[in-house]
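Below is one structure; the comments refer to it alone.
All values reported here derive from a predicted model rather than from experimental measurement.
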Amino acid sequence: MPRLRPLLVTPWLLGCLWHTPAALGQTVPIPSNTPAAQTPQPSALDAELFYQLLLGELQRRTDPGAAYSLILDAAKRTRRPDLFQRAIEIALQGRAPQAALAAARDWSAALPGDDDARRTELQLLIGMQRVRDMGPALRDWIRAVPAARRPGLIALVPTALARATDKAEAVAAARVALEPSLRTPETAAAAWAALGRVQRQAGQDADALQSARQAMRADPRSAPAALLALELLDAWPADAESLLQRHLLATRDAAADADPALRIAYARALAERGRLPEGRALLQAAPSLDAEGQRRLRVAEARLLRDHDHAQEAYDLLSQALQTAPADTDLMYEQAMVAERLGRLAEMERLLRELIQRQPDDPHAYNALGYALADRGERLPEAKALIQEALRRAPDDAYIIDSLGWVEFRLGNLTEARQLLADALQRRPDAEIAAHLGEVLWVLGESDLARAVWRQGLELDRRNRTLTETLRRLGVEP
């Protein structure tokens with residue numbers, strides 16, 4: 001007589017049993033992102049529902065279509081997010097993305113305020129390159145959330161459409177997604193700025209400029225509008241600067257000028273265009289900022305001076321700032337970087353070791369000291385140990401991985417250096433990392449690939465000091 005096969009209860013179904021207080025006559029808690037007016041009233045996990053779920057799980061491998069139908073039917077009857085998610089998983093495992101999308105849309109229809117439902121639908125549309133359908137999906141999601149959250153969602157529209165291969169279709173989808181928000185005074189500036197960014201992604205800079213003007217007209221204090229204008233400085237310098245000046249004029253009061261991120265970015269853009277004095281003046285002309293904002297501007301000004309070969313002025317500025325805030329670790333770190341640029345290596349090391357003592361869990365001082373030693377070819381085992389200590393605290397940091405690759409290069413471990421630097425550049429495209437990887441490839445005899453990497457670095461930042469010095473030292477014209 002054949003032995004009976006044991007009944008296998010999947011971990012997912014076991015979770016349904018364990019986490020369903022409704023089965024015990026209790027109320028199922030509703031996720032906090034679901035408005036009270038849309039609160040589902042799930043039925044208890046009675047015998048019929050349990051049997052349906054169990055049958056669906058048993059058929060998952062032999063008949064995924066039937067399993068999907070059973071689970072989705074249960075999801076629609078109970079309006080439980082976990083059941084909708086399970087139906088989508090089964091569809092994707094069965095390589096049926098259209099069925100997964102249908103389940104996601106049923107989920108959004110059943111629980112319009114559920115962010116997970118909207119996000120899942122959008123991710124499926126992105127993966128399927130259904131760009132035209134993304135417009136209505138984004139529009140409906142923006143409509144469904146409370147008014148206070150709409151600007152944040154609007155700002156995500158360019159990111160959601162960035163992977164679209166048909167850029168003109170992406171712009172059309174953005175217009176559909178943002179059309180109601182463009183007509184609403186509270187969201188008009190954010191919506192025009194988002195549309196402008198999608199237009200920039202499509203290479204439509206003239207249209208993006210018009211969107212920036214519309215955004216600034218809707219609200220000259222809008223940070224997204226000003227950031228769009230900043231992105232347009234290269235294509236339309238006079239027009240973009242006019243918009244930026246309008247924004248700065250509108251944000252002179254303390255309430256509007258609470259965050260200097262934009263002011264710093266504008267100053268950096270001016271300095272890169274050979275207008276360092278104007279950039280500095282912009283950072284010095286914000287008296288309405290609080291102490292933290294002023295500190296951030298001083299650090300930014302020092303970096304600006306250091307990066308544009310005014311290291312002594314940067315050092316003097318930081319010394320003055322440290323007199324009023326001697327315990328400020330950010331100022332100390334910047335002072336160490338400037339001291340290294342000035343060749344005051346003992347002072348740099350003293351400052352970084354003091355930072356390590358004060359903040360032993362912060363990876364940046366370990367990395368900075370290790371890299372400085374490696375770059376000079378000094379105390380390489382100690383340099384490697386410091387960088388490894390930094391990497392232990394921040395294992396995914398591309399700059400620290402770059403430092404480790406550079407010290408391996410200095411130690412003569414070219415294969416390890418190549419692997420680490422290639423990984424770092426893939427994680428974060430950066431001109432300095434490109435300079436390092438290109439030099440390792442050059443030493444390995446892979447000159448064509450080295451030139452290609454250096455060209456990539458120059459596209460990212462033609463002024464990068466490490467990259468330009470590397471090319472000059474090696475006598476290479478990429």
Nearest heavy-atom neighbours spanning [X] and [Y]:
X	Y	result
Arg268	Leu304	CA-CD1, 3.7 Å
Arg143	Pro180	NH2-CG, 3.7 Å
Val198	Pro158	CG2-CA, 3.6 Å
Ala314	Val338	CB-CG2, 4.0 Å
Ala390	Pro363	CB-O, 3.4 Å
Ala218	Ala189	CB-N, 3.8 Å

Do side-chain atoms of [X] reach the backbone of [Y] as a donor and acceptor pair under 3.5 angstrom?
X	Y	value
Ser222	Ala225	yes
Arg393	His364	no
Arg150	Thr187	no

Any [X] side-chain heavy atom under 4.5 Å of [Y] side chain:
X	Y	value
Val299	Leu331	yes
Leu471	Leu458	yes
Gln85	Thr120	no
Leu345	Glu340	yes
Arg139	Glu179	no
Gln199	Arg175	yes
Met348	Leu369	yes
Tyr371	Val407	no

*asked:* Arg358 vs Met332, test: side-chain contact (heavy atoms from CB on, under 4.5 Å). Steps then yes/no.
replied: CA-CA 11 Å; Arg358 289 190 183 189; Met332 288 178 62; 3.4 Å; yes

Checking [Y] against [X]: is there a side-chain donor and acceptor pair closer than 3.5 Å?
X	Y	result
Glu278	Tyr266	no
Arg298	Gln294	yes
Tyr315	Glu347	yes

Rounded to the nearest 0.5 Å, what's the gap from [atom1] on [X] to [atom2] on [Y]? Could you check?
X	Y	atom1	atom2	answer
Leu248	Gln245	CG	CD	5.5 Å
Leu228	Trp192	CG	CH2	11.5 Å
Gln201	Glu231	CD	CD	8.5 Å
Leu322	Leu317	CG	CG	10.0 Å
Leu262	Leu282	CG	CG	8.5 Å
Leu122	Ser108	CG	OG	10.0 Å

Just wondering, more than 12 heavy atoms not from [X] lying within 6.0 Å of its [atom1]?
X	atom1	value
Arg246	CZ	yes
Gln426	CD	no
Trp236	CH2	no
Gln320	CD	no

Less than 4.0 Å between a side-chain N and a carboxylate O, is that true for [Y] and [X]?
X	Y	answer
Asp307	Arg463	no
Asp115	Arg118	no
Asp234	Arg273	yes

For [X], enumerate each residue passing the salt bridge (Lys or Arg N to Asp or Glu O under 4.0 Å) test, keeping only those at least two apart in sequence or located in another chain.
X	result
Arg303	Glu334
Asp316	none
Asp207	none
Arg130	Asp133

Please identify each residue that fulfils side chain to side chain contact (heavy atoms under 4.5 Å, CB included) with [X], with sequence neighbours left out.
X	answer
Arg427	Asp396, Ala398, Ile401, Asp423
Glu313	Arg280, Leu305, His310
Arg473	Glu439, Thr470

*For side-chain contact (heavy atoms from CB on, under 4.5 Å), just list the numbers for Leu243 and Leu232, CA-CA rounded to whole Å, side-chain angles, deciding distance to a tenth of an Å, and then say yes or no.*
CA-CA 10 Å; Leu243 293 174; Leu232 291 165; 5.9 Å; no

*Could you give all pairs that pass the side chain to side chain donor-acceptor pair (under 3.5 Å) test and reach residues 453-462, with sequence neighbours left out?*
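Side chain to side chain donor-acceptor pair (under 3.5 Å) check on residues 453-462 returns no pairs.
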
*Residues in ring-ring contact (aromatic ring centres under 6.0 Å, His included) contact with Phe409, at least two apart in sequence or another chain*: Trp406

_Suppose we screen for ring-ring contact (aromatic ring centres under 6.0 Å, His included). Which residues come up paired with His247, at least two apart in sequence or across chains?_
none

*Under the salt bridge (Lys or Arg N to Asp or Glu O under 4.0 Å) rule, what pairs show up with a residue in residues 153-174, not counting sequence neighbours?*
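Qualifying pairs: Arg132-Glu169.
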
*Tell me, which pairs form a salt bridge (Lys or Arg N to Asp or Glu O under 4.0 Å) where one or both residues lie in residues 398-417, sequence neighbours left out?*
Asp375-Arg410, Lys384-Glu408

*Candidate list Leu318, Leu342, Leu352, Leu351, test side chain to side chain contact (heavy atoms under 4.5 Å, CB included), partner Met337, passing option*: Leu352

*Kindly confirm or rule out a cation-pi arrangement of Arg392 over Tyr366, judged by NZ or CZ under 6.0 Å from the six-membered ring centre and within 45° of its axis?*
no

_Walk me through whether Leu373 and Leu380 qualify under side-chain contact (heavy atoms from CB on, under 4.5 Å)._
CA-CA 7 Å; Leu373 293 172; Leu380 293 178; over 6 Å; no

_Before you tell me yes or no, could you show the steps for Glu446 and Arg418 under side-chain contact (heavy atoms from CB on, under 4.5 Å), namely the whole-Å CA-CA distance, both residues' side-chain angles and the distance that decides it to 0.1 Å?_
CA-CA 11 Å; Glu446 301 180 51; Arg418 187 187 197 279; 2.8 Å; yes

